[in-house]
Amino acid sequence: MTKTRSSETKPFLSIDTRVVTALRWVGFFVAVIAFVASVVGERRGWLDYRPGGAAFGNQIRPIFTGFFLFATIVALKREIVGGALAAFAGAALSAFATEQLVITHAVAVVALLLVPAVCWVIVDLADLTPRRAIAGIAAMLAMAAAGAVVGQQVYAQIWGPTHPDSTVVAAPPSAIEWVWSGAVTSTSAEVRAHPRSDYTTARIALSISADPTTSVFLDARDESGRVVGFELTGLEPDTEYDYAVEVDGVVDVARSGTFTTFPVGPASYLVAIGSCARVGSNGAIFDTIRSLDPLFYLIAGDLHYGDNGLNDLTRYQEVMDLTLSQPAQAALYQEIPVAYMWDDHDYGGNDADGNSPSRQAAMAAYREHVPSYGLSGDESAVYQ
């Protein structure tokens, strides 16, 4: 990596050769750290994801690791070119990191790419003529800008919304973070809710919609982890019911809901079926489903794209909270009962199957959060 300096033209930067050597080695040292941390850190769980951000490790990180390795190899021959490529990778990665990692880890990941880029560019600026140096700086800035644009566009295309946002106004803060119903039959239903903090008592107020005088209070039948479950039995067929959860003596009217029991015998009814909603989606499509007033909403897999491949219940809890508290989805699930079966993304990573390390956490999260029909009798599977 010995440089040949023109004797007729002074370099763009006048830097002591020892400083140049130090910067060169710092750049490559940090590059090695970035590469090792990228590979080893994912296996050791060093990165802390935002809810639903596990796709960063499963799908995004390997691409940028390979690209950055290529930039490092290029920098062995020409630092400023390798620096420009690393700047492109760092800028492009920032769109993904800031959306899917907690902020401190996002900054660390991007810095591990940008520090070598800056070091390598400075090394070459101490050798290039002013004209070539300015051209090199312009090229690096252009690469960084292109990386930022490409990163944002690719992220929006793969993980961003594919439809207009809902205009539903979020409910004001209350004792309940989210609530939904399901497992409806002609004489029964189930409601599950997540209180925001520790509580002493939880009940549900249930009444026939057309006759509020029928209101009764029922105790929780299941307090699975941080979620409370209510099994509602002895109901009238083909009847609309209102419900609201009471926490420590206060009824949460902000997140009350309704459901209609199934008719008995031949009947006409509407069922809505949907799947593959991106993480944190607040799309207007949920408003459309709700406006159709179906008897129930069948979620045919991929309620979210959490892509959690770890046996970590907390990550499932976080992405469920994010999903069920989005205004459009919350309004839908409060008014229309669900029947929910999962697919690969809400069970584990992309194309996850029964061998996924996330298996136990996924099943525990399902049993905790979902109002479902009778599940398999043990912990080996979830089907209804």
Side-chain angles (χ1 to χ4, degrees), residues 176 178-194 202-222 224 227-246 252-253 255-277 285-303 320 323-324 328-343 346 366-377 381-384:
I176 298 295
W178 51 259
V179 62
W180 59 345
S181 66
V184 175
T185 70
S186 59
T187 59
S188 64
E190 183 179 0
V191 171
R192 288 195 174 263
H194 177 212
R203 300 191 301 172
I204 191 169
L206 179 70
S207 64
I208 296 175
S209 300
D211 187 2
T213 63
T214 60
S215 179
V216 295
F217 282 89
L218 303 172
D219 293 329
R221 298 284 294 276
D222 177 21
S224 178
V227 175
V228 293
F230 303 92
E231 296 180 9
L232 313 177
T233 59
L235 307 181
E236 296 294 327
D238 198 16
T239 302
E240 182 179 273
Y241 284 86
D242 295 332
Y243 66 87
V245 177
E246 178 197 79
D252 190 337
V253 295
R255 288 170 175 78
S256 58
T258 65
F259 63 85
T260 299
T261 52
F262 293 170
V264 175
S268 295
Y269 56 89
L270 178 69
V271 173
I273 304 175
S275 65
C276 301
I285 186 62
F286 297 109
D287 304 338
T288 301
I289 296 171
R290 180 164 54 90
S291 70
L292 296 174
D293 193 28
L295 188 59
F296 67 94
Y297 173 42
L298 173 60
I299 303 169
D302 295 339
L303 171 68
M320 289 298 288
T323 299
L324 298 177
Q329 294 198 63
L332 171 62
Y333 303 142
Q334 287 166 212
E335 293 187 22
I336 306 298
V338 301
Y340 168 32
M341 55 181 281
W342 60 24
D343 198 11
D346 41 5
Y366 187 98
R367 294 173 184 274
E368 178 181 59
H369 293 85
V370 180
S372 65
Y373 296 97
L375 300 177
S376 59
V382 167
Y383 52 85
Q384 57 188 301

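Keep in mind that this is a model prediction, so the values were computed, not measured.
Residues Tyr243 and Val179 are in side-chain contact: their nearest non-hydrogen atoms beyond the backbone lie under 4.5 Å apart. The closest side-chain heavy-atom distance from Trp180 to Val370 is below 4.5 Å. In this structure, the side chains of Leu218 and Leu232 come closer than 4.5 Å at one or more pairs of heavy atoms. Within the 4.5 Å cutoff, side-chain heavy atoms of Leu375 are placed close to those of Arg367.
Remark: the backbone N or O of Glu236 is paired with a side-chain donor or acceptor of Thr261 at under 3.5 angstrom. Although no hydrogens or angles enter the test, the distance criterion places no donor-acceptor pair under 3.5 Å between the side chain of Arg203 and the main chain of Phe217.
Checking Asp242 against Ser207 by side-chain atom types alone, no donor-acceptor pair falls below 3.5 Å.
Ring pair Tyr269/Phe296: centre-to-centre distance not below 6.0 Å.
Thr233 is linked by a side-chain contact (heavy atoms from CB on, under 4.5 Å) to Ser188, counting only residues two or more places apart in sequence or in another chain. Every residue two or more places apart in sequence or in another chain that forms a ring-ring contact (aromatic ring centres under 6.0 Å, His included) with Tyr366 is listed here: Tyr340, Trp342. Here Glu240 pairs with nothing under the salt bridge (Lys or Arg N to Asp or Glu O under 4.0 Å) rule; sequence neighbours left out. With sequence neighbours excluded, no residue satisfies ring-ring contact (aromatic ring centres under 6.0 Å, His included) with Phe286. With sequence neighbours left out, Asp287 forms a salt bridge (Lys or Arg N to Asp or Glu O under 4.0 Å) with Arg290.
Of the options Ile208, Leu206, Val184, a side-chain contact (heavy atoms from CB on, under 4.5 Å) to Leu235 is made by Leu206 and by none of the others.
In this structure, Ser215 and Ala205 approach most closely via the heavy-atom pair OG-CB, 4.5 Å. Pairing each heavy atom of Gly301 with each of Ser275, the nearest pair is O-CB, 3.0 Å.
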Result block: side-chain N/O donor-acceptor pairs under 3.5 angstrom for residues 329-336, not counting sequence neighbours:
from, atom 1, to, atom 2, distance (Å)
Gln329, OE1, Tyr333, OH, 2.7
Gln329, NE2, Ser281, O, 2.9
Gln334, NE2, Ser256, O, 3.3

